[in-house]
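First up is the structure itself, then whatever we jot down about it.
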Amino acid sequence: MKSRPSARVTNEHFHPLFDLNVLGLILTTQEALIHLGPEGGSIINMSSIVSASSPADQSVYNATKSAVDGLTRTFAKELGQRKIRVNSINPGPIETEGTHSTGFIDRFQTLIPIIPLGRIGQPQDIAPGVVFLASSDSEWMTGETLYVTGGLH
């Protein structure tokens with residue numbers, strides 16, 4: 001994912017992000033529905049704090065993650081009668097192989113002073129939220145967004 005000002009967005013920048021983050025989510029959800037039986041289940045989408053914080057130079061990524069949030073709410077309404085819950089996790093800055101390879105880890109380091117918990121998140125910080133949303137402990141939750149941001153939100 002490359003940052004760029006809105007005035008410099010091109011088809012080559014736009015389509016890969018939308019294909020992955022929006023169309024990919026729709027197609028994956030369609031495939032999941034084939035495998036979810038009458039007992040229902042839980043679909044957990046991965047969004048981002050970016051959909052709420054809207055940083056500069058992230059218009060396309062922001063738009064894709066905002067679409068994930070909207071699709072989460074729409075799918076929750078469409079699939080609730082099938083006992084399928086649909087929620088999303090919106091992480092803050094997380095240290096991953098991807099954030100290192102794209103150079104975003106450097107940008108994330110500058111955020112540490114404003115993250116209330118004082119550090120960049122790790123994948124294991126997100127896992128408990130996923131487990132919760134997948135479990136029966138969240139059986140009355142659908143169409144919800146769980147922010148896991150170290151307090152940045």
Side-chain angles (χ1 to χ4, degrees), residues 1-6 8-9 12-33 35-36 40-76 79 84-153:
M1 170 186 64
K2 293 184 179 176
S3 299
R4 64 179 57 202
S6 299
R8 293 187 42 232
V9 170
E12 293 77 20
H13 178 74
F14 179 91
H15 289 290
L17 284 171
F18 262 85
D19 286 352
L20 176 66
N21 291 342
V22 181
L23 181 59
L25 182 136
I26 292 168
L27 297 176
T28 301
T29 301
Q30 290 172 345
E31 183 65 24
L33 295 177
H35 303 282
L36 292 172
S42 177
I43 295 172
I44 303 163
N45 296 324
M46 293 304 293
S47 188
S48 171
I49 190 176
V50 168
S51 70
S53 63
S54 306
D57 300 338
Q58 294 289 313
S59 62
V60 175
Y61 185 71
N62 174 10
T64 69
K65 292 307 185 174
S66 294
V68 169
D69 294 347
L71 287 169
T72 296
R73 292 187 299 272
T74 297
F75 290 160
L79 302 174
I84 298 170
R85 297 176 295 109
V86 185
N87 295 291
S88 69
I89 299 251
N90 291 39
I94 304 296
E95 183 177 8
T96 65
E97 184 178 304
T99 58
H100 279 279
S101 68
T102 59
F104 269 79
I105 195 66
D106 296 331
R107 180 182 279 185
F108 289 174
Q109 295 297 333
T110 66
L111 296 174
I112 290 174
I114 63 170
I115 298 172
L117 291 181
R119 66 178 176 83
I120 301 301
Q122 299 297 311
Q124 61 266 26
D125 295 321
I126 306 306
V130 174
V131 170
F132 169 70
L133 289 176
S135 77
S136 61
D137 289 341
S138 64
E139 67 184 16
W140 187 237
M141 291 179 67
T142 194
E144 301 295 340
T145 299
L146 179 61
Y147 288 91
V148 184
T149 65
L152 188 58
H153 177 66

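These numbers come from a predicted model, not from an experiment. In what follows, residues are counted from 1 in the order of the sequence shown.
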*Has the side chain of Thr142 got a donor or acceptor atom that lies under 3.5 Å from a matching backbone atom of Arg85?*
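Checking the backbone N and O of Arg85 against the side chain of Thr142, no donor-acceptor pair under 3.5 Å is found.
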
*Determine yes or no for a side-chain-to-main-chain donor-acceptor pair under 3.5 angstrom, with Thr96 supplying the side chain and Thr99 the backbone.*
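Side chain of Thr96 to backbone of Thr99, a donor-acceptor pair under 3.5 Å: yes, one is there.
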
*Phe132: what forms a ring pair (Phe, Tyr, Trp, His ring centres under 6.0 Å) with it, not counting sequence neighbours?*
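Ring pair (Phe, Tyr, Trp, His ring centres under 6.0 Å) check on Phe132 returns nothing, list empty.
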
Pair up each side-chain donor or acceptor in residues 113-120 with any protein partner under 3.5 Å, not counting sequence neighbours, and list the distances.
unit_1: Arg119; atom_1: NH1; unit_2: Asp125; atom_2: OD2; d: 2.8
unit_1: Arg119; atom_1: NH2; unit_2: Asp125; atom_2: OD1; d: 3.1
unit_1: Arg119; atom_1: NH2; unit_2: Asp125; atom_2: OD2; d: 3.3

Would you say that [X] contacts [Y] through its side chain, given a criterion of any heavy-atom pair below 4.5 Å between the two side chains?
X      : Y     : value
Phe75  : Thr29 : yes
Gln109 : Pro93 : no
Thr28  : Asn45 : no

How far apart are the closest heavy atoms of [X] and [Y], and which atoms are they?
X      : Y      : value
Met46  : Val68  : O-CG1, 3.8 Å
Gly92  : Ile49  : CA-CG2, 3.6 Å
Met141 : Asn87  : O-ND2, 3.1 Å
Arg107 : Thr110 : O-OG1, 2.5 Å

As an exercise, state the distance from [atom1] of [X] to [atom2] of [Y], rounded to the nearest 0.5 Å.
X     : Y      : atom1 : atom2 : result
Ile94 : Phe104 : CD1   : CZ    : 14.5 Å
Ile44 : Ile126 : CD1   : CD1   : 12.0 Å
Ile84 : Leu36  : CD1   : CG    : 4.5 Å
Ile89 : Ser48  : CD1   : OG    : 12.5 Å

*Partners of Ala63 by side chain to side chain contact (heavy atoms under 4.5 Å, CB included), sequence neighbours excluded?*
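If we apply the side chain to side chain contact (heavy atoms under 4.5 Å, CB included) test to Ala63, skipping adjacent residues, the hits are Phe18.
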
_Run the side chain to side chain contact (heavy atoms under 4.5 Å, CB included) test against Pro16 and tell me which residues pass, sequence neighbours left out._
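Here no residue qualifies.
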
[X]: which residues meet the side chain to side chain donor-acceptor pair (under 3.5 Å) condition with it, sequence neighbours left out?
X     : answer
Ser47 : Asp69, Asn90
Ser59 : Ser6
Glu31 : His35
Ser54 : Asn62

*Which pairs pass side-chain hydrogen bond (donor to acceptor under 3.5 Å, both in side chains) with one or both residues in residues 14-26, sequence neighbours excluded?*
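The answer is Asn21-Thr64.
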
Show which side-chain atoms of residues 145-153 pair as donor or acceptor with protein atoms under 3.5 Å away, not counting sequence neighbours.
unit_1: Thr145; atom_1: OG1; unit_2: Ser88; atom_2: OG; d: 3.4
unit_1: Thr149; atom_1: OG1; unit_2: Gly151; atom_2: N; d: 3.3
unit_1: Thr149; atom_1: OG1; unit_2: Leu152; atom_2: N; d: 3.2
unit_1: Thr149; atom_1: OG1; unit_2: His153; atom_2: N; d: 3.2

*salt bridge (charged side-chain N to carboxylate O under 4.0 Å, His left out) pairs, two or more places apart, involving residues 86-103*: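 Every candidate salt bridge (charged side-chain N to carboxylate O under 4.0 Å, His left out) pair involving residues 86-103 fails, so no pair, neighbours aside, qualifies.
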
*Using the salt bridge (charged side-chain N to carboxylate O under 4.0 Å, His left out) rule, collect all pairs that involve residues 130-153, keeping only residues at least two apart or in two chains.*
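Those involving residues 130-153 do not exist here.
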
